[in-house]
Each structure stands twice: as structure tokens, then as C-alpha cells.
Amino acid sequence: MVSANSVPSNRYDASLANSIELKWQKRWEEDGTYHAPNPSGSLASDSERINLPKLFVMDMFPYPSGTGLHVGHPLGFIGTDVYARYKRMTGYNVLHTMGYDAFGLPAEEHARQTGQHPRDNTNSNIENMRGQLRRLGLGHDLRRSIATTDIDYYRWTQWIFLQLFNAWYDDENKCARPISELEDAFSNGSRILENGASWNTLTSQERKDCINSYRLAFLDEAPVNWCPALGTVLANEEITPEGRSERGNHPVYRRPMKQWMMRITAYADRLLDDLENLDWSDAIKTMQRNWIGKSNGAEIVFPVADKEIAVFTTRPDTLFGATYMVLAPEHPLIEEIVPSSWPDATPDEWKQGFPNPQTAIKAYQQLTAQKTDLDRQENKEKTGIFLGVYAKVPVNDKQIPVFISDYVLMGYGTGAIMAVPGQDERDWEFAELFNLDIVRTVEPPTSWDGKAFTGNGPAINSDFLNGLSVDDAKSKMTEWLDTTGNGKIKTTYKLRDWLFSRQRYWGEPFPIVYGEDGLPIGVDERQLPVELPDLIDWAPRSLNENSDPEPPLGRASDWGTIELDLGDGLQSYKRELNTMPQWAGSCWYYLRYLDPDNNQNFVAKDIEEYWMSGDAGGVDLYVGGVEHAVLHLLYSRFWHKVLYDLGHVSSLEPFQRLYNQGYIQAAAYQDARGMYVEASEVIEKDGAFTHNDEQVTRSFGKMGKSLKNSVTPDEMYDEFGADTLRLYEMFMGPLDQDRPWETKSVVGSQRLIQRVWRNLVDEESGNLNISDLEASKELRQLLHRTIQAVNDDMENLRFNTAIARITELNNEITKIPEDTPREVAETLVLLLSPLVPHIAEELWEKLGYETSVVYASFPQADTSLLLEESIEIPIQINGKVKSKITVPSGSTAETVREIALQDPKINSIISGKTIRKEIIIDGKLVNFVI
RNA sequence: GCGCCGGUGGCGGAAUUGGCAGACGCGCAGGGUUUAGGUCCCUGUGUCCAUUAGGAUGUGUGGGUUCAAGUCCCACCCGGCGCACCA
């Protein structure tokens with residue numbers, strides 16, 4: 001039906017946009033337009049592009065959730081797509097694809113609720129998301145797409161696990177090596193056991209235990225984070241600062257359990273040092289540095305009763321100022337040293353009314369155990385109690401009292417400190433509370449009126465250190481400790497080993513079995529994959545903090561036992577029933593993109609070398625949210641370094657350049673009860689907001705289901721089209737910044753495409769409407785200045801300003817009364833094509849090209865056209881602009897000065913006055929000071 | 001408390017090395033096209049004063065350096081993020 005109004009039949013509107021978009025999406029898929037050739041293997045081709053420099057662009061892959069995408073999700077995906085398209089047009093073989101991080105809790109929860117197998121649910125979610133991303137026109141090489149749940153994928157995740165299981169960390173050479181080399185070294189005597197025992201005298205069981213204790217993936221009985229609500233244990237990285245689960249915010253309890261661990265601590269120094277060479281934001285680097293938490297210092301041994309207690313300090317130079325010692329309430333030696341009665345002359349305030357140290361200590365320990373981590377953090381009032389014993393300071397033989405207090409943490413250092421109130425604020429506070437001695441060992445400045453002095457200054461009250469600076473005193477004291485055997489240099493880290501097992505169904509099974517001796521054995525790699533069994537029983541279990549975790553795989557009874565021949569005949573083995581955490585699959589997916597069909601190897605060596613080469617090597621651009629700063633990014637770097645050590649990859653780091661995109665936020669509305677109401681139903685009137693005639697209040701937050709403020713891409717396609725959505729998201733602001741979504745502003749981006757279309761195409765007939773005449777000099781100059789600016793912006797991911805420059809150019813084209821000259825029209829289409837690929841393809845085709853615009857050359861500026869013949873220069877008097885003059889470019893300062901002085905306005909201001917100073921900046925401005 | 005990032009019109013945001021603040025877009029106002037609304041097109045739009053010409057003022061606050069400061073320096077306020085009794 002032709003409507004009564006007179007909208008031209010070929011106006012660029014949503015329906016035209018949609019038909020163009022669907023046409024090209026189909027064409028691209030049929031033509032394999034975005035297929036990037038590999039140097040060999042199943043994805044090799046005779047394409048010349050293999051000879052171009054490579055570029056590997058990647059997004060943090062999404063979890064395929066059941067609710068689908070909202071417009072906030074694809075911001076980074078569009079950004080990488082624009083960049084990848086730009087680089088394709090400037091002569092790169094670009095690899096860009098998308099995978100799915102598809103193991104995880106939601107699919108399992110869904111299975112519990114519906115009885116549907118997680119695999120079915122996951123696969124349909126992936127299909128749904130693929131469709132949504134395809135509709136956006138993202139230029140992905142879909143042959144390379146993987147899901148972590150694919151058996152052909154997790155087979156190799158298991159293979160990498162075996163690499164870690166079958167490796168140990170050689171501290172001397174600072175790299176991972178095959179575990180067989182360690183065994184050889186022990187048996188031929190080139191390496192001796194830590195406890196000095198002889199390898200030959202060990203039983204075979206003892207040898208296995210010894211070797212197992214060295215593996216990079218190992219079983220350990222250690223306090224872990226047990227979350228009964230989720231039914232699983234969790235890594236430290238998955239616990240919030242409040243001590244709850246990151247997912248779901250459930251309570252978490254610390255309990256010792258035997259679990260799989262990854263020896264990430266062995267890589268602490270390399271993970272820290274190699275940050276230097278990465279092109280990552282300082283914010284993320286700082287977060288990783290904080291998480292690793294390295295501090296250099298010394299371990300000093302204090303005799304206490306008939307025992308020795310080691311403390312860790314970063315300030316060995318202050319040892320002469322140690323006036324008491326504090327142990328963490330959980331310190332294992334407490335029970336062995338606590339006496340049955342208070343020593344003579346113990347001050348009453350140290351006893352706190354308790355009849356003897358043993359009851360006092362017990363009471364304090366109970367008090368601490370009741371405190372949550374949050375209490376312990378928030379309430380920083382010092383508390384503690386005297387342990388009833390004294391320690392001897394090694395350097396001056398002073399007897400100092402030993403306390404326990406919860407301001408000392410068992411999880412850091414040795415769980416014991418020497419307290420130096422003179423140089424430590426916390427110790428000063430504690431010393432005041434218990435009336436303990438305070439000895440300054442660093443002289444504060446004369447103006448100092450504070451308490452503890454933590455700055456630099458000459459050592460005092462410190463015998464052989466007196467007069468030395470803090471740094472010199474540290475090294476001298478460390479030397480003394482070392483030669484006298486009272487201590488040694490020590491480095492500590494906050495980083496703990498990575499808890500790697502989960503009691504979940506929907507994850508990778510471990511390629512591990514247990515023999516009769518109960519020790520873990522790695523499955524032979526030829527027996528991979530270890531496939532997840534199908535489960536029937538999805539019923540939830542009610543667990544509490546005292547329950548033991550129940551791995552769901554334990555319910556698949558046949559599966560748990562297996563007959564294997566591991567070299568000594570067919571025997572029965574028990575399978576590991578835990579599964580790997582979700583981070584396992586995301587640790588290495590970038591490598592599988594490179595060679596997804598390879599069934600001989602996780603990636604072929606030459607293909608890996610081709611795509612991962614570069615300055616320091618790795619993915620050339622990795623874009624994603626800041627929330628993965630320490631989890632995924634740290635784990636992935638760790639695995640990559642292990643693979644590097646074992647010779648499986650060629651680059652030291654996985655991600656050379658990391659870019660954190662911002663989030664799209666949107667207005668959210670709450671009613672009087674504080675409940676969120678559907679944002680799309682809120683009506684604004686005179687600055688007030690109502691929902692069903694009820695007053696609501698507005699705030700801004702991350703777009704999503706919980707704030708009921710989602711806008712879906714589908715709504716945007718119906719109203720504007722995918723190109724408009726892409727353009728709007730790129731135009732909203734810098735890619736790394738959060739920005740509020742405003743549906744009413746989207747029309748501006750549609751107008752730009754509409755005007756470009758109208759400048760090239762007759763809206764009535766749909767025919768090309770351009771001229772073969774040359775562009776005017778002015779237009780051509782503007783064209784080349786635009787080309788220059790857009791290239792610069794694209795290179796630096798500044799898409800918002802690139803779009804502004806293109807808009808300016810198009811506004812000028814709109815103003816010329818004649819048809820648009822072809823050279824301008826073609827350039828405009830090319831400049832726009834990374835941003836709005838569908839309409840660009842359509843126009844490119846109309847312009848007579850038979851090959852895709854995707855591989856056309858991006859315009860390069862003719863620098864000779866960038867110089868202007870004449871330029872406008874502002875003339876200031878006393879720094880304020882009073883007039884402007886136009887002079888030929890390249891005019892001498894003297895000429896500019898003459899013309900400026902002749903300007904009538906300037907002349908009238910300065911006539912009769914003396915010019916005290918003249919500033920003439922070539923081509924920029926003139927300033928007369930009067 | 002410590003560290004990092006940020007604060008520019010009604011709104012999103014532009015401004016190489018200090019050199020014309022507010023590019024580009026939204027919104028708004030006026031006009032054109034249209035029976036009307038919408039679409040589309042044109043013009044204007046930091047604030048204040050002035051009918052106009054023009055003038056003053058202006059980048060969180062207060063100081064400073066400079067011929068010239070959104071940009072550099074000092075002190076502070078506000079917002080976001082990270083770390084937080086780490087010895």
C-alpha cells in the first residue's frame with residue numbers, strides 16, 4: 001500500500017535498511033567473505049591474503065544466556081568489528097571470530113528446574129545468540145567459532161590439564177619442565193630431596209607422593225571456600241571482599257578439604273614482571289599487581305620458650321625497636337607455648353581478668369572465630385591478649401612479651417609479627433592500648449608531631465645501624481641476620497594457589513583416575529576426551545556448612561568406575577568426580593580459534609606461530625570488560641606461560657594489547673516501595689516521571705533484567721536497522737567510557753545514513769545520482785583532511801570522532817547544489833564502510849563495483865592537499881580575541897604582523913597606545929600586549 | 001585511609017605540543033513542505049546585558065606560572081573504580 005503521504009519510495013528508512021542488511025548478510029555468508037586464511041591445515045586457501053601482515057582481533061567471549069542480548073552487550077563486539085574491518089582495508093590478514101563460554105552454573109540450574117539436559121539448553125542459547133550477532137553484521141570467521149562445551153574443544157582443555165599435571169616448576173631455571181625430568185634427577189642423584197632423604201630408600205608409594213607434591217596441578221588438603229548454597233567450593237578470586245560468593249552472594253565457609261590446586265604461585269614473579277611489556281591500562285595492571293601482592297623483606301627467627309617462631313617483616317632495619325611480638329589467633333604454635341599460669345608481675349591489663357593464659361587464649365580465639373571477615377575488616381579497634389610468654393630479640397637479647405591479636409592474619413607471611421610501634425601505626429595503637437614500650441629507631445624530622453614515623457631518616461637507638469638510611473640499614477641488618485643465622489631475605493605474596501575443582505555437573509571432567517592406592521593418575525592422552533556422562537537425576541540437594549560437597553558425577557554410578565590398561569594389565573580404576581571451574585575453558589580459547597578443526601594437536605605449531613607472532617607476541621587486540629581484571633586474565637596468562645615453558649606456544653604472553661570497553665547504562669525507575677518498574681512504560685512530563693500514573697524516581701545503572709531497563713537490538717532493527725544501531729553505539733562516546741543509552745538520540749545516526757544515501761541516490765527512482773565532474777578544490781581539500789583524520793581516529797579506536805568528521809564532510813556535500821562528484825562519493829562510502837558495512841556494500845555495488853567493499857583499500861590522504869592556501873588567524877589584544885584575518889599560508893611573521901596591524905578593529909583599539917609585546921605564532925595566532 | 005580515573009551547555013560528548021572552548025549529535029525554538037500530525041528540509045541555540053551594532057562572562061572550587069591555561073603547578077570539593085589491619 002502506498003500511504004497518503006509523500007515519502008519517496010527509496011528513502012533510507014528501517015524497512016529499506018532491513019532489506020539491504022539481510023541481503024548482504026546472506027551474501028557474506030555464502031561468499032565466506034570474512035574467512036581468514038591459515039598458512040596450512042584445513043583453513044588454508046590460495047588467498048593472497050596469507051602474505052599480508054596478520055592481525056588477531058578478539059572479544060572476550062560471552063556466556064550464552066537464555067535471555068538473549070540487550071543493546072549493552074554488543075558495544076565491544078561492534079568496536080572490534082569496526083577496527084577489524086578498517087585493518088582489513090589497510091592491508092592486514094585479520095582474524096576475528098566469536099566463541100561461547102558455555103559451561104557454567106545457569107545451564108545446570110535450568111536443568112534442575114526443567115529436567116532438560118544442560119547441553120540442549122546451552123546449544124539452543126548459542127544458536128539464538130549466533131543469530132542475534134549475525135543480524136548485527138559482525139564480520140566473523142564462523143568456521144573458527146567454538147564453544148567450550150564442544151567435546152572436540154574440552155578434549156584439549158583436558159589435554160592442557162594433563163600438561164600441568166605432568167609438569168613441575170624448576171625454581172632454579174624459573175620454568176616449568178616435564179615431571180619425568182624431575183624423577184630422573186632424583187633417581188640419578190643430580191637433585192636431592194628437600195628433607196635430605198635418599199631416593200633409593202623410598203618406597204614406591206613414597207616416591208609417588210613426593211613426585212605428586214611437585215606437580216603444577218596437584219591435590220592438596222587445605223582450607224578452601226565452601227559454598228553450600230552453590231554446592232561447590234570456590235576459588236579465592238570468586239569470593240567478594242565481604243567473604244561471600246561472587247555469583248549469587250551466598251555465604252561461604254572456610255573448611256579444610258582435599259581439592260585440586262593449580263600452582264599459580266610458582267609463576268608469581270613472572271606474572272608480575274611481564275606486566276611491564278604489555279599494552280594494558282594501568283588500572284588493570286595495578287589490580288593484577290595488588291592481587292599478586294609481592295613484598296620484599298626478611299624472615300627473622302625469635303626464640304620463644306623452647307620453640308622458635310619466625311616473623312616476616314619488610315622492615316628488618318627496625319629490629320632494635322621491636323618491643324613485643326604478636327601471633328595470629330590461629331597460629332599453630334600457640335598451644336605448644338602457652339603456659340599454665342601468668343608469669344610474675346604480669347600487668348593486670350594484659351590479663352584482662354582471666355585466671356590463666358590458657359583460658360584467656362581460648363576465649364580470645366573463640367571470639368575471633370565468631371567474627372566474619374567483614375567484621376574483622378570493618379572494626380579496626382585493636383584487641384588482643386597476652387600469651388604469658390616472652391620472646392628474645394636476636395639482635396639485643398631483649399625479652400619482649402608475646403601477644404595474640406586478630407590484626408595479625410594467619411594467611412599472610414608467617415602469621416606472626418615483630419611489633420615496632422615506633423615505625424608502624426598499627427603497632428603504635430596496640431602499644432598504647434597495652435602500655436607497651438615504644439622505641440624509635442628512625443629519627444623523625446624535627447617538625448614531626450605524629451606518632452609512628454614510617455618515613456625515611458637516619459637510624460637511631462640501633463647500635464651498628466645508627467646513622468644509616470632506611471635502605472642501607474635494611475641491607476646491613478639482612479646481612480647480619482644471614483651471617484648469624486637468625487634470619488634470611490624473604491619475599492611473600494598475597495597470591496594463593498588456584499583452587500581448581502568444583503562439585504558441579506556442567507564442567508569439564510578431569511582426565512584423572514585413582515588406583516587402589518588412592519593416588520591420582522593422569523589418563524593417557526590417547527584416551528581423551530573423557531566425556532561427561534548423561535545424568536538423569538537433577539534434583540537439588542540441600543546442603544549446609546557442615547555437609548560435604550557431593551559431586552553430581554557421583555550420581556552417574558557406572559561412569560565412576562572404569563577398566564583400563566595402564567601398562568600393567570586391565571585393572572579397575574575410580575574416576576575423579578569433580579569438574580573443572582568455568583575459567584578452564586576460557587583460559588586458552590584464543591588458541592583454538594587459530595586451528596579449530598585440528599584433531600592431532602590443540603593448535604598446529606606453524607599456525608600458532610603465524611597468528612601469535614609480534615613485538616612481544618599474542619593477540620593483537622583483546623577487548624572486554626574490566627570485571628575480568630584478575631580472574632580470567634590472570635589464569636589465562638598463567639596457563640599460557642606453562643604452555644610456553646613446555647614448548648607448546650611461541651609467545652610469552654597471550655594478550656599483547658588489552659582494551660576495556662565501557663558499559664552502556666540506562667535510566668531505571670523505582671516506585672514508592674523501591675521496586676523497579678518497566679522503564680519502557682515510564683512517561684516523562686515536565687521533568688517528572690510516572691508509571692501507571694504513579695510517581696517514580698529515576699536513577700542510572702547497568703542495563704539489564706534486574707533494573708528492568710533493557711532495550712533489545714530487535715527493537716532497534718524494527719525502528720532503525722542494524723547499521724544505525726552500530727553507528728549510534730560507536731558515536732555515543734569513547735569506547736572505554738560508560739555511557740547512558742537514549743533511544744530518542746538514535747535517530748541522529750539514522751539521519752546521517754539517510755543523508756549520505758540521499759547525496760548519492762535518487763530517493764524516488766533508487767538510481768545512482770552522482771556526477772563525473774571533478775570536485776571543487778575546497779571540497780577535495782576537505783575530503784583529504786577528513787581522510788587523514790578518520791585514519792588517525794580508526795587506528796586509535798576513536799570511532800566517535802571519526803563519525804563526527806564524516807558527518808562534517810557529508811554536511812558539506814549536502815550543501816553543494818550539483819550532484820556529488822564520484823571521487824567524493826566513493827571515498828565517503830569507503831570511509832563509512834567499517835562502521836555501517838551493509839549500506840556501504842549496497843552503495844559500493846550501485847557505484848559499479850562487483851567485488852565486496854570489505855577488501856577495498858581504505859582511502860589514504862594526499863598530503864599535498866592537506867595544506868591550505870590561505871588560513872584564518874585570530875588576532876588577540878592582551879590574550880583576548882578581537883579580530884580575525886586571512887593570510888596566505890606560509891606567510892612570514894612580518895607579513896602577518898603588518899596585515900594584523902592594518903585590521904580596522906585592531907587599529908582602532910591600539911591607536912595611540914604602545915605595543916609592549918608581540919607574540920606571533922606561525923599559522924596559529926597573533927597577540928599584542930598593550 | 002591509600003592508589004587510579006574523571007568533573008566542559010538542557011543532554012551525550014569535541015578540543016596534537018599551553019594558542020579561536022563547546023566540533024559532531026540529541027533536545028529545544030522559529031520557518032518551509034504537508035489537509036493535519038509524523039517524516040523530510042532550512043535557520044538559530046553556553047550564560048548574562050544590549051532592539052541592533054556590540055559588550056561582559058565562561059571548562060568543579062580557591063590560588064599560582066604565562067603574552068596566552070579546559071590543558072601546566074599547589075591546595076581543596078565532588079563522583080566512579082580498585083585496594084584496605086598485607087607486617
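Excluded from the calculations below are hydrogen atoms, water molecules and symmetry mates; all remaining heavy atoms, backbone and side chain alike, are included.
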Nearest-Å distance for atom pair [atom1]/[atom2], residues [X] and [N]:
X	N	atom1	atom2	value
A:Trp291	B:rA84	CH2	C1'	13 Å
A:Arg758	B:rU39	CZ	C1'	10 Å
A:Lys494	B:rC85	NZ	P	8 Å
A:Arg897	B:rC67	CZ	P	19 Å
A:Asp317	B:rA87	CG	P	14 Å
A:Lys917	B:rC67	NZ	P	4 Å
A:Gln288	B:rC83	CD	C1'	14 Å
A:Ile753	B:rG25	CD1	P	14 Å

Which nucleotide, if any, forms a Watson-Crick or G-U wobble pair with [N], using both distances under 3.5 Å?
N	answer
B:rG79	B:rC5
B:rC72	B:rG64
B:rC28	B:rG44
B:rA15	none
B:rA36	none
B:rA84	none

Between the side chains of A:Tyr669 and A:Thr697, is a donor N or O closer than 3.5 angstrom to an acceptor N or O?
-> no

Pairwise [atom1] distance for [N] and [M], with rounding to whole Å:
N	M	atom1	answer
B:rC81	B:rG27	P	31 Å
B:rG46	B:rG9	C1'	5 Å
B:rU51	B:rG12	C1'	35 Å
B:rA29	B:rU61	C1'	34 Å
B:rA14	B:rC67	P	32 Å
B:rA23	B:rA56	C1'	25 Å
B:rA68	B:rG19	C1'	7 Å
B:rC11	B:rU66	C1'	35 Å

Less than 4.5 Å apart, any side-chain heavy atom of [X] and any of [Y]?
X	Y	result
A:Leu835	A:Ile806	yes
A:Phe403	A:Leu387	no
A:His331	A:Ile404	no
A:Met410	A:Pro332	yes

Checking A:Lys382 against A:Phe430: charged group under 6.0 Å from the ring centre and within 45 degrees of the axis?
->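 Verdict for A:Phe430: no cation-pi partner in A:Lys382.
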
Among A:Leu727, A:Ile803, A:Leu752, A:Thr724, find the residue that satisfies the side chain to side chain contact (heavy atoms under 4.5 Å, CB included) test when tested with A:Val836.
-> A:Leu727

Using side chain to side chain contact (heavy atoms under 4.5 Å, CB included) as the criterion, point out the one residue from A:Leu633, A:Asp279, A:Leu278 that pairs with A:Leu658.
-> A:Leu633

Is the phosphate of [N] approached by [X] (side-chain N or O, under 4.0 Å from OP1 or OP2)?
X	N	value
A:Ser295	B:rA87	yes
A:Arg751	B:rC41	no
A:Arg289	B:rC83	no

Just by protein heavy atoms under 4.0 Å, how would nucleotides 7-23 of chain B read 5' to 3' in B, S and -?
-> -----BSS--B-BB--B

Map A:Arg805 and A:Met418 onto RNA chain B by nearest heavy atom, then report which one ends up closer to the 5' terminus.
-> A:Arg805

With sugar-phosphate meaning primed atoms plus P, OP1 and OP2, does A:Thr286 contact a base, only sugar-phosphate, or nothing at under 4.0 Å between heavy atoms?
->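 Nothing, no heavy atom under 4.0 Å.
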
Using modelled atom types only, decide if a donor and an acceptor are shared between the side chain of A:Arg739 and the backbone of A:Pro734 within a distance under 3.5 Å.
-> yes

B:rG7: syn or anti, per glycosidic angle within 90° of 0 |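 Base orientation: anti.
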
